[in-house]
Amino acid sequence: METGFGRRCSRAAEHGDHFYPWSKGGSTSLRNFVAACSRCNRAKGARIPSPEQQMRLERRRRTYVPLDAAVAVGERQPLP
């Protein structure tokens, strides 16, 4: 994550981040979890990822998640 949603960052992950922001209905679950360095996590803020950004992360997850496991990212809860 370079500046939030850009290309993949090479720095070590220091934060666990909600892919869909918690403040906008994102759930606290492994499916909605991404690891990020502190700079990228702060740059992302509470922005909601575009469908293209979600597909990029899902493609990336396929490289390190077992073939029979779910790779989908994001999970939302209904907002009040």
Side-chain angles (χ1 to χ4, degrees):
M1 285 183 151
E2 183 77 27
T3 64
F5 286 128
R7 65 179 183 262
R8 190 167 186 176
C9 176
S10 62
R11 291 183 294 274
E14 302 165 306
H15 293 190
D17 184 36
H18 289 85
F19 188 71
Y20 284 109
W22 183 81
S23 63
K24 298 198 172 148
S27 67
T28 301
S29 67
L30 286 177
R31 185 173 176 189
N32 196 40
F33 171 83
V34 291
C37 76
S38 59
R39 181 168 42 165
C40 292
N41 190 24
R42 286 191 309 271
K44 176 186 169 277
R47 290 185 290 158
I48 295 177
S50 73
E52 294 81 22
Q53 293 156 339
Q54 184 172 339
M55 286 178 55
R56 274 199 312 263
L57 185 55
E58 288 174 359
R59 275 195 307 267
R60 197 176 308 148
R61 281 188 175 180
R62 285 188 188 103
T63 65
Y64 56 86
V65 172
L67 292 176
D68 59 341
V71 294
V73 294
E75 188 171 76
R76 296 186 192 193
Q77 301 294 323
L79 291 173

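Hydrogens, waters and symmetry mates play no part in the numbers below; they use all other heavy atoms, side chains included.
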Close side-chain approach of Gln53 and Arg56, heavy atoms under 4.5 Å:
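They are in side-chain contact.
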Closest non-hydrogen atom pair, [X] against [Y]:
X	Y	answer
Ser27	Asn32	O-ND2, 2.8 Å
Pro21	Ile48	CD-CG1, 4.1 Å
Cys37	Ala12	CB-O, 3.4 Å
Arg47	Lys44	NE-O, 3.2 Å

Taking only residues two or more places apart in sequence or in another chain, which ones pass side chain to side chain contact (heavy atoms under 4.5 Å, CB included) with Ser38?
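Expected list: Glu14, His15, Arg42.
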Tell me if a side-chain donor or acceptor on Asp17 pairs with a main-chain N or O of Ala35 at a distance below 3.5 Å.
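Pair absent, no side-chain N/O of Asp17 close to backbone of Ala35.
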Is there a side chain to side chain contact (heavy atoms under 4.5 Å, CB included) between Phe19 and Arg31 once you walk through the steps?
CA-CA 9 Å; Phe19 188 71; Arg31 185 173 176 189; over 6 Å; no
First locate atom NE2 of His18, then atom CG of Asn41, and finally report the distance between them rounded to the nearest 0.5 Å.
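One finds 10.5 Å between NE2 of His18 and CG of Asn41.
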